[in-house]
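Note that this is a predicted model, so its numbers are computed, not measured.
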Amino acid sequence: MAKDSNGTELNAGDSASVIKDLKVKGANSTIKRGTTIKNIKLTNKDDEIEAKVDKCGVVVLKTCFLKKI
């Protein structure tokens with residue numbers, strides 16, 4: 001079961017907000033704090049989600065950097 005930084009359960013299709021600026025490896029961009037990520041997908045690992053982010057494409061993010069909206 002995936003949980004965000006506040007301990008709230010995350011489900012496939014939820015929206016989340018980034019709580020910290022994140023540098024993306026392999027890209028010359030940063031996901032800024034407050035960026036809304038829509039329609040997340042769960043992965044096999046409980047502490048990771050997969051999402052499509054503007055200007056970065058599809059990325060895998062740790063759930064400790066997300067807050068459910």
Rounded distance (nearest 0.5 Å) linking atom [atom1] of [X] with atom [atom2] of [Y]:
X     : Y     : atom1 : atom2 : value
Glu9  : Asp4  : CD    : CG    : 10.0 Å
Lys23 : Ile31 : NZ    : CD1   : 13.0 Å
Lys68 : Ser15 : NZ    : OG    : 9.5 Å

Ser5 versus Cys64, closest heavy-atom pair with distance: CB-O, 3.5 Å
Would Leu42 and Leu66 show up in the same hydrophobic cluster when neighbours are defined by side-chain heavy atoms closer than 4.5 Å? yes
Joint cluster assignment, Val24 & Leu22, ILVMFWY side-chain distance < 4.5 Å: yes
Asn6 side chain to Thr8 backbone, donor-acceptor under 3.5 Å: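 Side chain of Asn6 to backbone of Thr8: no pair is present.
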Could you check Val59, Ile69, Val53 and say which one makes a side chain to side chain contact (heavy atoms under 4.5 Å, CB included) with Ile37? Val53
Any pair with a residue in residues 44-65 that passes side chain to side chain donor-acceptor pair (under 3.5 Å), sequence neighbours left out, goes on the list, sorted by first then second residue, please.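 Sorted result for residues 44-65: Asp47-Lys62.
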Check: Lys32 and Asp21 side chains under 4.5 Å, non-hydrogen atoms: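 Touching, per the 4.5 Å side-chain cut-off.
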Mark yes when over 12 heavy atoms from residues, nucleotides or ligands other than Asn28 sit less than 6.0 Å from its CG; otherwise mark no. no
